[in-house]
Amino acid sequence: MPELPEVETVRRGLAPVLENAHLKTVVVRREKLRIPIPGDLASRLEGARVVTIGRRAKYLLLEMDNAAVALIHLGMSGHMTIYKEPPPPPGPHDHVDFITENDVCVRFTDPRRFGLITLDTSDHVHEHKLLRHLGPDPLSNEFNAIELAARLKGRATSIKGALMDQKTVAGLGNIYVSESLFRAGISPKRKAASVQGGRAEKLAAAIREVLTDAISAGGSSLRDHVSPDGELGYFQHQFGVYGREGEPCPGCTCDWAKSGGIRRFVQSGRSTYYCPARQR
DNA sequence: CGGCAAACCTGCGAGC
DNA sequence: TGCTCGCAGGTTTGCC
């Protein structure tokens, strides 16, 4: 489910029920996620108050009033569901319940278990092993064309590969990399190092724009819901290229029959979608 | 060091 | 209907 816009949608959905709430009970049913859930997660969180729910790239940060921060990553298939009534009996993929003092249950579900929940008690959560190496958040002030160009300089990999690398920019994934490159008119095959100057300007602007548009739409719902209150995001209807192999390019006036429309190919194991006529 | 495939898991839809 | 295959929004590892 989640790249940056989906995680931001989850954050916004959880904030009204979790911020300022005391956690009464935290039920951990399965510890073995991508990294094991710490044995003291429940005892650290129970009785504490959630001060804010923040986000760094694709991580949710539950900042507690006792200096603990819970880091949550949704992986590929993770999602959160809010139950204001007693929750249904947990299924096999319902790994953790966060229950507030007024009996709201926030349930973490993740069939593929690529997600994780861990704890930081260091007072410097941004120095945490999982966050330390992340590049700038593309919606933050630290992200701009100069910064992007500097991070692409000298890199031999493709621009797609560089943008998928969370050290370059933190929060993009397979969908939004394809969409950003489409909006910027840059081929995913182009060498990362060659994206400088005006091209870097266009790309930085396209990344910001596509993420902002996607957040406004409540993210993309490919399989199931995105928002913890069950609302569907609808940005998938605005995809320019992702999942549209063979369709006419929405920005092209060229002859579809001749161009073949949008192409799909596999780049380091992941599908890339692009329009060869518009992206160079 | 850099880049890429494989591995970690389960579910779903397409095609036979 | 039921099976197999390929594919899926992420990240880390280990190999060239």
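These numbers were taken from a predicted model, which means no experiment stands behind them. Letters go in sequence order (proteins before strands), and every chain restarts at 1.
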**OP:** Check the angle between the aromatic planes of A:His95 and A:Phe108 and answer parallel, tilted or perpendicular using the 30° and 60° thresholds.
**Re:** tilted
Subject >> Whole angstrom value for the distance that separates P of B:dT10 from CZ of A:Arg223 >> reply: 16 Å
Original post:
Whole-Å distance between B:dG2 P and A:Lys153 NZ?
Top reply: 15 Å
**OP:** Write down the distance separating the P atoms in B:dC9 and C:dG14, rounded off to the nearest Å.
**Re:** 15 Å
Subject >> Strand DNA chain C as a dot-bracket string - pairs counted if Watson-Crick or G-U with both distances under 3.5 Å, | where the partner lies in another strand >> reply: .|||||||.|||||||
Can you pull every protein N or O that's under 3.5 Å from an N or O on nucleotides 3-5 of chain B?
| from | atom 1 | to | atom 2 | distance (Å) |
| --- | --- | --- | --- | --- |
| B:dG3 | OP1 | A:Ala156 | N | 2.9 |
| B:dG3 | OP1 | A:Thr157 | N | 2.7 |
| B:dC4 | OP2 | A:Thr157 | OG1 | 3.1 |

**OP:** Verify the neighbour count for atom CG of A:Asn102: are there more than 12 heavy atoms of other residues, nucleotides or ligands below 6.0 Å?
**Re:** yes
Original post:
Is A:Lys84 salt-bridged to A:Asp103, cutoff N-O under 4.0 Å?
Top reply: no
**OP:** Flag yes if more than 12 heavy atoms outside A:Lys24 fall under 6.0 Å of its NZ atom; otherwise flag no.
**Re:** yes
Subject >> Salt bridge A:Glu147-A:Arg151, side-chain N to carboxylate O under 4.0 Å >> reply: yes
Original post:
Between A:Asp213 and A:Arg183, is there a side-chain N and carboxylate O pair less than 4.0 Å apart?
Top reply: yes
**OP:** Take atom P in C:dT11 and the same atom in B:dC1, then report the distance between them in whole Å.
**Re:** 22 Å
Original post:
Would you find a donor on one side and an acceptor on the other, under 3.5 Å apart, between the side chain of A:Glu142 and the backbone of A:Asp137?
Top reply: no
Original post:
Which nucleotides of nucleotides 10-16 of chain C have their base under 4.0 Å from a protein heavy atom (B), which only their sugar-phosphate (S), and which neither (-), written as one string 5' to 3'?
Top reply: BBS----
**OP:** Please answer whether the main-chain N or O of A:Ile99 pairs with a side-chain N or O of A:Asp97 as donor and acceptor at a distance below 3.5 Å.
**Re:** no
Original post:
If only atom types and distance count, is the side chain of A:Asn174 paired as donor or acceptor with the main-chain N or O of A:Ser271 below 3.5 Å?
Top reply: yes
Original post:
How long is the line joining CG of A:Leu116 and C1' of B:dC9, in whole Å?
Top reply: 14 Å
**OP:** Would you please indicate if the ring centroids of A:Tyr274 and A:Phe265 are separated by under 6.0 Å?
**Re:** yes
Subject >> Cation-aromatic face contact A:Arg208/A:Phe143, 6.0 Å, 45 degrees >> reply: no
Original post:
Given atom CZ of A:Arg151 and atom P of B:dC1, what is their separation to the nearest angstrom?
Top reply: 17 Å
